[in-house]
Undergrad: 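Sharing a structure below in structure tokens format, with a few things to ask.
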There are 2 protein chains.
Amino acid sequence: MTVIRKTQAQEAVLSLLEAASTALSADEILQQIDVSVNKTTVYRMLERFVAAGKVHFVTDTDGKAHYALCSSGCKQNHTLHNHLHFQCKVCNQVECLPVKLEVPVLENYEVHEMQFLTVGVCPKCK
Amino acid sequence: MTVIRKTQAQEAVLSLLEAASTALSADEILQQIDVSVNKTTVYRMLERFVAAGKVHFVTDTDGKAHYALCSSGCKQNHTLHNHLHFQCKVCNQVECLPVKLEVPVLENYEVHEMQFLTVGVCPKCK
DNA sequence: TTGTTAATGCAGTAAAGTTGCTTTAATAAA
DNA sequence: TTTATTAAAGCAACTTTACTGCATTAACAA
């Protein structure tokens, strides 16, 4: 396994994700970050974090990916993220909800990941 | 409500979706359709079908939308599609699974839609 | 048969993300 | 502390998916 180096950019992105109350898109990260980082760098970084199991993402209905730190309970069953996400149609933010869904075993299927998304209007935007 | 007219292109897309065993992307529809239809037309058509509740879609992890006909059991609880989908990492196909997930009521959230996606390797590709 | 307007086609555009390649800098080794 | 290695960053060009505006065509109701 290749080592992940402690760079200014990576630390900045990680602390952004830590402080965030919602799952951030690459775009949101680029807007909110206080150090100068290239777009490609952010994408590659997130890719590494996901591969390392530090971060997971959900793709919203518009096809945009939103990234969030993996919490302790986040991937209980191996690397599966069986918790619910919510996408607000008004503010376009996506958040992880502390709600786990039970999924029956899918005979003959090999399941690696899960992305459970609910869509509507969040409490703030109602 | 505006009327949906019975055009050659729309009938062709609908019968493609009917015959399909997987949820089709706009691209797959364009490749498989036997009449000459413009890309934009397909997108607008699908948009209409979704608005009319005839069709639903799931966005895969890569951000691409896959469309499937709504079956009778598809939207029992109003317009929610609380069944599971499966995206195969090998053949990149997405299918509707006859598995419904129970979602607890989300206090203070207004839920309009759901997209439940599992990702891995399908029986055919194993 | 005709008028209305839903649906189509075309061209151009936009957003999200990726690729190839070079350069920089974090870290291990000397 | 210096040097070597290579992970990470930066830049520019590109791909894919999808959308927009506008002109044209063709369902279908009257």
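Since the structure is predicted, the reported quantities are computational estimates derived from the model, not experimental observations. In what follows, chains are A, B, ... by sequence order, proteins preceding strands, each numbered from 1.
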Undergrad: In whole Å, I'd like the distance from the CG atom of B:Leu46 to the P atom of D:dT17.
TA: 14 Å
Undergrad: Could you tell me whether B:Lys39 contacts a base, only the sugar-phosphate backbone, or nothing, with contacts defined as non-hydrogen atoms closer than 4.0 Å?
TA: base
Undergrad: For A:Gln93 and A:Glu28, does a side-chain donor sit closer than 3.5 Å to a side-chain acceptor?
TA: yes
Undergrad: Check whether the side chain of A:Lys64 and the base of C:dG17 form a donor-acceptor pair under 3.5 Å.
TA: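 It does not, because no donor-acceptor pair links the side chain of A:Lys64 to the base of C:dG17 below 3.5 Å.
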Undergrad: What is the distance, to the nearest angstrom, from the CG atom on B:Asp60 to the P atom on D:dA18?
TA: 9 Å
Undergrad: By nearest nucleotide on DNA chain D, pick out whichever of B:Lys6 and B:Tyr67 is the more 5' one.
TA: B:Tyr67
Undergrad: Would you say A:Thr2 places a side-chain N or O within less than 4.0 Å of OP1 or OP2 belonging to D:dA7?
TA: no
Undergrad: Measure CD/B:Glu47 against C1'/D:dT17 and give the value in whole Å, please.
TA: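 So the two atoms are 14 Å apart, to the nearest Å.
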Undergrad: Has the side chain of A:Arg44 got a donor or acceptor that lies under 3.5 Å from a partner of the other kind on the base of C:dG17?
TA: no
Undergrad: Nearest 0.5 Å, what's the CE-CZ distance between A:Met114 and B:Phe86?
TA: 10.0 Å
Undergrad: Regarding B:Thr40 and B:Asn38, do their side chains bring together a donor and an acceptor under 3.5 Å, going by distance alone?
TA: yes
Undergrad: Please confirm whether the backbone N or O of B:Thr61 pairs with a side-chain atom of A:Gln115, one donor and one acceptor, at under 3.5 Å?
TA: no
Undergrad: Within less than 4.0 Å of OP1 or OP2 of C:dT18, is there a side-chain N or O belonging to A:Tyr43?
TA: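 Answer is no, no contact under 4.0 Å.
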Undergrad: Between the base of D:dA12 and the side chain of A:Thr40, is there a donor and acceptor pair under 3.5 angstrom?
TA: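 Under the 3.5 Å cut-off, the side chain and the base do form a donor-acceptor pair.
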Undergrad: Figure out the CD/C1' separation between A:Glu11 and D:dA8, and round it to whole Å.
TA: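 For the pair A:Glu11 CD and D:dA8 C1', the rounded distance is 13 Å.
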Undergrad: Under 4.0 Å between a side-chain N/O of A:Arg48 and OP1 or OP2 of D:dA7, yes or no?
TA: no
Undergrad: Taking B:Gln10 for its side chain and B:Arg5 for its backbone only, find out whether a donor-acceptor pair lies under 3.5 Å.
TA: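 It does hold such a pair.
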Undergrad: Which heavy atom in B:Ser21 sits nearest to a heavy atom in B:Glu95, and how many Å separate them?
TA: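 For B:Ser21 and B:Glu95, the tightest heavy-atom pair comes out as O-CB, 4.2 Å.
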Undergrad: B:Ser36 near the nucleic acid: base, sugar-phosphate alone, or nothing, with a heavy-atom cut-off under 4.0 Å?
TA: sugar-phosphate
Undergrad: Calculate the interatomic distance between B:Ile29 atom CD1 and D:dT16 atom C1'; express it in whole Å.
TA: 17 Å
Undergrad: Tell me if the side-chain of A:Arg5 makes a donor-acceptor pair with the base of D:dT6, cut-off 3.5 Å, by modelled atom types.
TA: yes
Undergrad: According to ring pair (Phe, Tyr, Trp, His ring centres under 6.0 Å), who are the partners of A:His85, at least two apart in sequence or on a separate chain?
TA: A:His56, A:His83
Undergrad: Round to a whole Å and report the spacing from CZ of A:Phe57 to P of C:dA16.
TA: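 The distance from CZ of A:Phe57 to P of C:dA16 comes to 16 Å, rounded to the nearest Å.
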Undergrad: If you compare every side-chain N and O of B:Asn38 against the phosphate oxygens of C:dC10 (OP1, OP2), does one of them come in below 4.0 Å?
TA: yes
Undergrad: Output yes when at least one side-chain N/O atom of A:Thr7 is less than 4.0 Å from OP1 or OP2 of D:dA8, else no.
TA: no
Undergrad: Rounded off to whole Å, could you give me the NE2-to-P distance for the A:His66 and C:dA16 pair?
TA: 9 Å
Undergrad: Angle between the end axes of the helix from C:dT1-D:dA30 to C:dA30-D:dT1, five pairs per end, to the nearest 10 degrees?
TA: 40°
Undergrad: Just so I know, are the side chains of B:Val37 and B:Met45 near enough to count as touching, which here means a heavy-atom distance under 4.5 Å?
TA: yes
Undergrad: Check the distance between D:dC28's P and B:Ile4's CD1 and give it to me in whole angstrom.
TA: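 After rounding, the reported distance stands at 12 Å.
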